[in-house]
Participant: 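Please read through the structure below; I'll follow up with questions.
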Amino acid sequence: MTTVITYGTFDLFHVGHVRLLKRLRALGDRLIVACSTDEFNAIKGKKAIFSYEDRAEILSACTYVDLVIPERNWEQKPDDIRTHKADIFAMGDDWAGRFDYLGTETGCIVTYVARTPDISTTDIKGVMRRIDEDRLQSIRNMVEGLRAELSKY
Ligand code: C2G
C-alpha cells in the first residue's frame with residue numbers, strides 16, 4: 001500500500017486541482033490531502049472564499065482523495081508523514097525544491113508534478129471582480145441615461 005500525501009488551500013476547486021490530485025493518486029494506492037485551515041491561510045497571507053469545512057468537504061468528494069486532514073502550520077509535515085506512514089510527499093512544481101528536506105527527515109520520497117498552466121484561484125477571483133466592475137459600470141450608465149431623460153422635464 002503506497003500512500004501519497006499533499007498539502008494546499010484548494011480554494012474555488014478547479015481543474016488544476018483535479019489534475020494535480022489525479023496525478024498524485026496515480027503515484028500510489030492512497031492519497032491524503034492536508035487542507036489548509038482558515039487560520040493557517042491567514043498565516044500564509046491567503047484569504048480563501050470557501051471556508052475550511054467547505055473546502056475539506058469538496059476535497060473529500062473528489063474521487064482521487066482518500067482522506068482529508070487539516071493543515072494547521074508549516075511544521076506538521078514530518079509528523080503527518082510518520083503518523084499516516086506516507087511513502088511519497090508530492091506537490092505541484094510551483095513548490096519544486098521547497099520541501100526536499102522532508103525526504104532526509106522522514107525517508108519519504110519527495111516529488112513535484114507539473115502544475116496546470118493558465119488556471120488559478122487568483123485568476124478566478126480576478127474574473128469575478130471584473131464581472132462585478134462591468135456590472136457596476138452598466139448600472140452607472142443606466143442611471144446616467146435615466147438622469148439625462150429626467151433632466152428634460
Ligand atoms: N496547483 C496545480 N495547478 C494549478 C493550481 C494549483 O497543480 N493550476 C497545485 C499547486 O501546485 C499545489 C496544489 O494545487 O500543489 C494546491 O494549490 P493551492 O491551493 O494554491 O495551495 P498552496 O497555497 O500552494 O498551499 O504547505 C503547502 C501549502 O499549504 C500549499
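Bear in mind the structure is a predicted one, so any value in this text is a computation, not a measurement. In each ligand, atom 1 is the first atom listed, and ligand 1 is the first ligand listed.
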Participant: Output, in order, the C-alpha distance, side-chain angles, deciding distance and verdict of side-chain contact (heavy atoms from CB on, under 4.5 Å) for Val4 and Asp87.
Facilitator: CA-CA 6 Å; Val4 184; Asp87 305 283; over 6 Å; no
Participant: Test your reading of the structure: does Thr6 have an N or O sitting under 3.5 Å from an N or O of ligand 1?
Facilitator: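 It does not: no N or O of Thr6 is found under 3.5 Å from an N or O of ligand 1.
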Participant: Got the closest protein heavy atom to atom 10 (C) of ligand 1, with its distance?
Facilitator: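 I find the closest protein heavy atom is Asp94 OD1, 3.6 Å.
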Participant: Between the side chain of Asp66 and the main-chain N/O of Leu31, is any donor-acceptor distance below 3.5 Å?
Facilitator: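 Here the side-chain-to-backbone pair exists.
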Participant: Are a donor atom and an acceptor atom from the side chains of Thr3 and Arg30 found within less than 3.5 Å of each other?
Facilitator: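 There is such a pair (donor and acceptor under 3.5 Å, judged by atom type) between the side chains of Thr3 and Arg30.
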Participant: Between Ile69 and His84, is there a side-chain heavy-atom distance shorter than 4.5 Å?
Facilitator: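 His84 reaches Ile69 side chain to side chain.
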Participant: Side chains of Tyr112 and Asp100: donor-acceptor distance under 3.5 Å anywhere?
Facilitator: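 Side chains of Tyr112 and Asp100: pair found under 3.5 Å.
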Participant: Please find out if less than 6.0 Å separates the ring center of Trp74 from that of Phe40.
Facilitator: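 Aromatic pair counts; centres sit under 6.0 Å.
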Participant: Counting from 1, what ligand 1 atoms have a heavy atom of His17 closer than 4.0 Å?
Facilitator: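 Ligand 1 atoms under the 4.0 Å threshold to His17: 14 (O), 19 (O).
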Participant: Test your reading of the structure: does Ala114 have an N or O sitting under 3.5 Å from an N or O of ligand 1?
Facilitator: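 No, no N or O pair falls under 3.5 Å.
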Participant: Please determine, by modelled atom types, if Asp80 and Thr83 share a side-chain donor-acceptor pair under 3.5 angstrom.
Facilitator: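 Looking only at side-chain atoms, Thr83 and Asp80 do not form any donor-acceptor pair under 3.5 Å.
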Participant: Based purely on interatomic distance, does Asp11 place a nitrogen or oxygen under 3.5 Å from a nitrogen or oxygen of ligand 1?
Facilitator: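 In this structure, Asp11 places no N or O atom under 3.5 Å from an N or O of ligand 1.
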Participant: Distance to 0.1 Å, residue and atom name: give those for the protein heavy atom nearest to atom 22 (P) of ligand 1.
Facilitator: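 The closest one turns out to be Lys46 NZ, 3.7 Å.
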Participant: Identify the closest protein heavy atom to atom 2 (C) of ligand 1: which residue and atom is it, and at what distance?
Facilitator: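 Going atom by atom, the protein heavy atom closest to atom 2 (C) of ligand 1 ends up being Arg115 CG, 3.5 Å.
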Participant: Give the atoms of ligand 1, by number and element, whose distance to some non-hydrogen atom of Ile119 is under 4.0 Å.
Facilitator: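 Answer for ligand 1: 4 (C), 8 (N).
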Participant: Counting only nitrogen or oxygen atoms and a 3.5 angstrom limit, does Asp93 reach ligand 1?
Facilitator: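 So ligand 1 has no N or O lying under 3.5 Å from an N or O of Asp93.
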Participant: Counting non-hydrogen protein atoms only, what is the nearest one to atom 28 (C) of ligand 1? Give residue, atom name and distance.
Facilitator: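 Here the nearest protein heavy atom works out to Lys44 NZ, 3.5 Å.
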Participant: Can Trp95 and Tyr7 be said to form a side-chain contact (heavy atoms from CB on, under 4.5 Å), step by step?
Facilitator: CA-CA 11 Å; Trp95 289 93; Tyr7 291 72; over 6 Å; no
Participant: Would you mind listing which atoms of ligand 1 come within a distance below 4.0 Å of any non-hydrogen atom of Ser36?
Facilitator: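 Result: 29 (O).
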Participant: If only atom types and distance count, is the side chain of Thr6 paired as donor or acceptor with the main-chain N or O of Ala90 below 3.5 Å?
Facilitator: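 Such a contact is found between Thr6 side chain and Ala90 backbone.
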Participant: In the protein, which heavy atom is nearest to atom 29 (O) of ligand 1, and how far is it?
Facilitator: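 Closest protein heavy atom to atom 29 (O) of ligand 1: Glu71 OE1, 2.7 Å.
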Participant: Nearest protein heavy atom to atom 19 (O) of ligand 1, by residue and atom, and its distance?
Facilitator: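 The protein heavy atom lying closest is Phe10 N, 2.7 Å.
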Participant: Would you find a donor on one side and an acceptor on the other, under 3.5 Å apart, between the side chain of Arg55 and the backbone of Phe50?
Facilitator: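 Yes; at least one donor-acceptor contact below 3.5 Å.
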Participant: Do me a favour and list the nearest non-hydrogen protein atom to atom 21 (O) of ligand 1 with residue, atom name and distance?
Facilitator: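 Closest protein heavy atom to atom 21 (O) of ligand 1: Thr9 N, 3.3 Å.
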Participant: Thr9 and side chain to side chain contact (heavy atoms under 4.5 Å, CB included): which single residue from Asn41, Thr37, Thr121 fits?
Facilitator: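 Per the side chain to side chain contact (heavy atoms under 4.5 Å, CB included) rule, the option paired with Thr9 is Asn41, out of Asn41, Thr37, Thr121.
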Participant: Tell me which protein heavy atom sits closest to atom 15 (O) of ligand 1, plus the residue, atom name and distance to 0.1 Å.
Facilitator: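 Minimum-distance protein heavy atom for atom 15 (O) of ligand 1 reads Gly92 N, 2.9 Å.
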Participant: Ring-plane angle category for His17 and His14, please: parallel below 30°, perpendicular beyond 60°, tilted otherwise.
Facilitator: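 Aromatic pair His17/His14 classed parallel.
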Participant: Judged by non-hydrogen atoms, does Arg19 sit under 4.0 Å from ligand 1?
Facilitator: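 False for this residue.
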Participant: Would Leu12 end up clustered with Val18 when hydrophobic side chains under 4.5 Å apart are linked, directly or stepwise?
Facilitator: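 Hydrophobic grouping puts Leu12 with Val18.
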Participant: Tell me which part of Leu20 gets within contact of ligand 1: side chain, backbone, both or neither, using heavy atoms under 4.0 Å.
Facilitator: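 The part of Leu20 near ligand 1 is the side chain, not the backbone.
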Participant: Using a strict cut-off of 4.0 Å, indicate which atoms of ligand 1 neighbour a heavy atom of Trp74.
Facilitator: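 Within the 4.0 Å cut-off of Trp74, ligand 1 contributes 26 (O), 27 (C).
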Participant: Please could you name the atoms of ligand 1 that Tyr7 approaches to less than 4.0 Å, counting only its heavy atoms?
Facilitator: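 Near Tyr7, the atoms of ligand 1 are 26 (O), 27 (C), 30 (C).
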Participant: I want to know if ligand 1 touches Thr116 in the polar sense, i.e. an N/O pair below 3.5 angstrom.
Facilitator: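 Yes, Thr116 has an N/O under 3.5 Å of an N/O on ligand 1.
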Participant: For ligand 1, which atoms have a heavy atom of Gly8 less than 4.0 angstrom away?
Facilitator: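 Ligand 1 atoms under the 4.0 Å threshold to Gly8: 21 (O), 25 (O), 29 (O), 30 (C).
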